[in-house]
Amino acid sequence: MAGNRTFTMIKPDAVAAGNTGAITKMIEEAGFKIIAMKKTYMSKDRAGQFYEVHKERPFYNDLTTYMSSGPIIPMILEKENAVEDFRALIGATNPKEAAPGTIRALFAKSIEANAIHGSDSDDNAKIEGGFFFSHTEQF
Ligand code: UDP
Ligand code: MG
């Protein structure tokens, strides 16, 4: 059965562009409850750990530089079928392929600076949420 939590992070380009409020509004209007949220920062090493699965990919070095270039807003979200529904709300990785009206279609600048992260499985949602927040099971 699909889980009811996912993890997201508003990325540095969208925070810097002043789109935190607009994106958060879309998330809440789509029926997601914000369980945990903060404004923080990742060093290049921490960004490297977060994206460890991509470490052999050609974009890894640029990605970790970009992800440590400014503040981010990580959040844990709750909704029925959270992982799949949230991936639908954010759209494809490449904003040129993202469906109209999705967060990436509206706010992403490029395939790298694509405004927002969304976990791709229930297991990764737990791991990624735990990377930024502790004790959220009680919320
Ligand atoms: N990315 C990139 N170039 C690519 C593919 C991905 O810079 O060709 C970046 C982009 O920021 C993306 C992140 O790496 O969101 C993780 O890639 P993934 O394939 O997991 O995409 P996502 O799950 O975020 O849609
Ligand atoms: Mg991914």
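Both ligands and their constituent atoms are indexed starting at 1 by order of listing.
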Open item on the list: Under a 4.0 Å threshold between the charged nitrogen and the carboxylate oxygen, would R87 count as salt-bridged to E84?
Closed with: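 Salt bridge flag = no for R87 with E84.
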Would you list the atom pairs, donor with acceptor, under 3.5 Å between side chains in residues 93-102 and any protein atom, with sequence neighbours excluded?
{"residue": "N94", "atom": "OD1", "partner": "K96", "partner atom": "N", "Å": "3.0"}
{"residue": "T102", "atom": "OG1", "partner": "A99", "partner atom": "O", "Å": "2.6"}
{"residue": "T102", "atom": "OG1", "partner": "A105", "partner atom": "N", "Å": "3.3"}

Task: Every residue of the protein that comes under 4.0 Å of ligand 1, judged on heavy atoms - done: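 Within the 4.0 Å shell of ligand 1, which is judged on heavy atoms, sit K11, Y51, H54, F59, L63, R87, T93, R104, I111, E112, N114.
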Open item on the list: Any non-hydrogen side-chain atom of I76 less than 4.5 Å from a side-chain atom of F132?
Closed with: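 No; the side chains remain at least 4.5 Å from each other.
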TODO: Answer yes or no: are there more than 12 heavy-atom neighbours, outside K79 itself, under 6.0 Å from its atom NZ?
DONE: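 Above 12, so yes.
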Table please: side-chain donor-acceptor pairs of residues 4-14 below 3.5 Å, with sequence neighbours left out.
{"residue": "R5", "atom": "NE", "partner": "E78", "partner atom": "OE1", "Å": "2.9"}
{"residue": "R5", "atom": "NH1", "partner": "T136", "partner atom": "O", "Å": "3.1"}
{"residue": "R5", "atom": "NH2", "partner": "E78", "partner atom": "OE1", "Å": "3.1"}
{"residue": "R5", "atom": "NH2", "partner": "F139", "partner atom": "O", "Å": "3.1"}
{"residue": "T8", "atom": "OG1", "partner": "H117", "partner atom": "O", "Å": "2.6"}
{"residue": "K11", "atom": "NZ", "partner": "N114", "partner atom": "OD1", "Å": "2.7"}
{"residue": "D13", "atom": "OD1", "partner": "Y66", "partner atom": "OH", "Å": "2.3"}
{"residue": "D13", "atom": "OD1", "partner": "A115", "partner atom": "N", "Å": "3.4"}
{"residue": "D13", "atom": "OD2", "partner": "A115", "partner atom": "N", "Å": "3.4"}

TODO: Would you list the pairs meeting salt bridge (Lys or Arg N to Asp or Glu O under 4.0 Å) in which at least one residue belongs to residues 98-121, sequence neighbours left out?
DONE: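 Qualifying pairs: none.
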